[in-house]
There are 2 protein chains.
Amino acid sequence: MMHQRPRISDVARLAGVSTATVSRALSNPALVSEETRAAVDQAVQATGYRINHAARNLRHRRTGGIVALVPGLANPFFSQILSGIASVLAPAGYNLLVADTRSAGADTLLSYAEPSRADGLIVLDGTLPAAGLTRMPVVLACEWVPGLIAPRVKIDNREAAAMAVNHLADLGHRRIGHVAGPPGNVLTEARQAGWQEACIARGLTPDPALLYPGDFGLDSGQRAARLWLDQPKDSRPTAVFLASDEMACGFIGEVVRHGIRVPQDLSVVGFDDIELVAHIAPPLTTIRQPRNQLGRIAAERLLARLEGRVDDTDTVLPVELVLRGSTAPPRG
Amino acid sequence: MMHQRPRISDVARLAGVSTATVSRALSNPALVSEETRAAVDQAVQATGYRINHAARNLRHRRTGGIVALVPGLANPFFSQILSGIASVLAPAGYNLLVADTRSAGADTLLSYAEPSRADGLIVLDGTLPAAGLTRMPVVLACEWVPGLIAPRVKIDNREAAAMAVNHLADLGHRRIGHVAGPPGNVLTEARQAGWQEACIARGLTPDPALLYPGDFGLDSGQRAARLWLDQPKDSRPTAVFLASDEMACGFIGEVVRHGIRVPQDLSVVGFDDIELVAHIAPPLTTIRQPRNQLGRIAAERLLARLEGRVDDTDTVLPVELVLRGSTAPPRG
DNA sequence: TCCGATCATGTAATCGGTTGCATCGACGAT
DNA sequence: ATCGTCGATGCAACCGATTACATGATCGGA
């Protein structure tokens, strides 16, 4: 009678060889003779043997897992990056472990950065403490932790913001507002700086009255819209660049509800190009980030690092201004 | 000079006890004396010892991981369920492994259902073969595999569809269309059946001309809209119930682009209540699914199963019809 | 004073593969 | 005929923690 699950020694006994030979036949077939290989294969079939990963990993001193630290799993923006990551890791034989940095305590998170839990880390959250992340190979994707030396895969957020502003300025807008991301976020800072610099470069004033707080979420876009609606008509911006598409949706939804027409009365540019915004009314003009590719490249660079190819350079992916229906020249 | 990472024997030597005592002090402190515990704690501090999970798991014959099989990680619908799952698993000390059933071969997927890779499985994809999934504890969430005996956490899709139809019928609509999900999907079938039955119950005819193919995706909503636009004005439905919010967005975007006004010319009801649809113009009337809760409960039931509490009943969560701006009485 | 119960701790087997080293036979070269 | 080489395989020591069992100390009770 067979015990629980068959072990390698069960296969060895049935094939009439040692466990060492079975192991070699399975993981490096070139090392064993043709006949032995056949005998082992048949014994594996007969017993229904499946390898025990825990045992193999213990011996190999690796886990076969990669952790992705995500600030908000429910966020469609990050899930598309995750999708890119998964599409690279799965074929490479790695497990993708996902941890939400929002719903876990700091100690829990750091426990993911242990070599016995995962072989590497992909960090999508720039607000984590750099200290805890140095114990294993790390790649930063999209966001990044200031002070942490590790390869980054990202876009040029400053330049991207400038593209948005330039587009609006080209249309003739002179007062271009900005709804920023959450305070302290590296993306927030880069995009806001890009907005400021581009305004100045075009001879426009990035007045504080044109800057609205936000946090990338839908509701904060709505709140920004209320602030905009409360401003006197002749001093409020005729165009707004928002640091995320979600905020842009919240913003447009709110102003439209108050009778404002987009783009006739107000032009709006978003950021990210999440799938949905091509289909809302009006379709959103936005900056497209190659999210899937971003995830894929981050994963590839981490794998390269695990194979010993160390390369601390940053990868900067190109963005694209997608012109749709939410922008037009100002009235008058 | 310390070797690589400190092992339990390093701690033992420093504390002047055996490895067994260290193990006990760490995992079951009640078993050791006060002084020993203090000595061990101090030695742990001094060495910076962290447990090796692979070794512990090998001995315990468990992995500490739960796999979620997701059809399309990038889909915001699923990522919210994942978020619920993660919020339960992390505090319980389990790793969440995510695998995208779309981007992996069948053999790869089945390899996730091995006891040495994970302790349990949460299946969000109803199109998987039941055969491979029986090797470990499974819970089905949202979608389910027909023929697979395992607890299901889901909503009453028939009833939910009926709620949508009844709402439209109450408004006075007599021709109510339906854009279905992908063929063969269990949700597609249940929702379509609910639409049919409710129509009949209200004395309406679920004419085949009122039924449009779809696949839950944005584009298929757009395609359905083109079909609708091509129909003669006096025979096309005055209201459409779509099996997903994404399709509803694609549908509305397309008809609005052709000068149709929602809800004046056409009423639209979606399904899911993904976050964004509250903010588009017009805000979408839809069926809300408690996605986060769905994930949480699925995870809790799996954990219960892992602790030996077997319970094969289904959990049916309540849905809610959310009234917004995309529905109104028909003209005339 | 002696015995059994109780508590703290150590010894060593165990979880299940992997792999360095040794062994052995066959074969080509000298 | 002899030696060196090479290919195939087995032996046994790992990887690092857990835990059944054994041991020894302590203590209360007879």
Side-chain angles (χ1 to χ4, degrees), chain A residues 2-41 43-44 47-65 93 111 114-119 135, chain B residues 2-41 43-44 47-65 93 111 114-119 135:
Chain A
M2 190 74 70
H3 263 333
Q4 307 276 358
R5 291 164 60 73
R7 300 168 303 164
I8 201 171
S9 58
D10 297 317
V11 177
R13 194 175 330 110
L14 192 60
V17 297
S18 73
T19 62
T21 300
V22 175
S23 176
R24 284 189 278 253
L26 294 178
S27 57
N28 198 345
L31 289 178
V32 304
S33 72
E34 180 109 26
E35 314 123 70
T36 313
R37 204 180 313 148
V40 168
D41 285 349
V44 166
T47 54
Y49 170 75
R50 317 242 59 188
I51 199 175
N52 181 315
H53 291 90
R56 188 218 285 259
N57 291 342
L58 174 59
R59 181 67 226 233
H60 279 164
R61 298 150 154 278
R62 54 158 248 161
T63 71
S111 81
E114 280 177 34
S116 77
R117 268 198 124 167
D119 301 329
R135 283 182 289 202
Chain B
M2 190 76 69
H3 263 333
Q4 306 276 359
R5 291 165 60 72
R7 299 170 303 164
I8 201 170
S9 60
D10 297 317
V11 177
R13 196 175 327 111
L14 192 61
V17 296
S18 73
T19 62
T21 300
V22 175
S23 176
R24 284 189 279 253
L26 294 178
S27 55
N28 197 346
L31 291 177
V32 305
S33 73
E34 180 108 27
E35 313 124 71
T36 311
R37 203 180 314 147
V40 169
D41 286 350
V44 167
T47 54
Y49 170 75
R50 316 242 60 189
I51 199 175
N52 181 314
H53 290 90
R56 188 218 286 260
N57 290 343
L58 173 58
R59 181 66 226 232
H60 279 162
R61 296 149 156 275
R62 53 159 250 161
T63 70
S111 81
E114 279 177 35
S116 78
R117 268 197 125 166
D119 300 330
R135 282 182 290 203

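Since the model is a prediction, treat every value here as computed from it, not as a measurement. Lettering of chains follows the sequences in order, A, B, ..., and the numbering in each one begins at 1.
Between D:dT9 and A:T36, a contact under 4.0 Å exists linking OP1 or OP2 to a side-chain N or O. Note on A:Y49: every side-chain N or O is 4.0 Å or more away from OP1 and OP2 of C:dG16. Phosphate proximity of D:dT9 to A:S18: absent, as no side-chain N or O sits under 4.0 Å from OP1 or OP2.
At the heavy-atom level, B:S23 lies under 4.0 Å from base atoms of the strands shown. Here B:H53 lies out of heavy-atom contact (under 4.0 Å) with every strand. At the heavy-atom level, A:V17 lies under 4.0 Å from the strands shown only through sugar-phosphate atoms. Counting any heavy atom pair closer than 4.0 Å across all strands shown, A:S116 reaches no nucleic acid atom. Across all strands shown, B:S33 has heavy atoms under 4.0 Å from sugar-phosphate atoms exclusively, and none from any base.
Which of C:dA12, C:dT14, D:dT9 sits closest to the side chain of A:V32 comes down to D:dT9. Closest to the side chain of B:R59, out of C:dT11, C:dT14, D:dG16, is C:dT14. Considering only side-chain atoms of B:N52, the nucleotide from C:dG17, D:dT18, D:dG16 that sits closest is D:dG16.
In terms of modelled atom types and a separation under 3.5 Å, the side chain of A:S116 and the main chain of B:H53 share a donor-acceptor contact.
Comparing B:A20 and B:A55 by the nucleotide of DNA chain D that holds the closest heavy atom to each, the one mapping nearer the 5' end is B:A55. Along DNA chain C, the nucleotide nearest to B:L58 and the one nearest to B:T19 differ in position, and the one closer to the 5' end is contacted by B:T19.
Nearest heavy atoms, B:V40 versus B:A25: CG1-CB, 3.8 Å.
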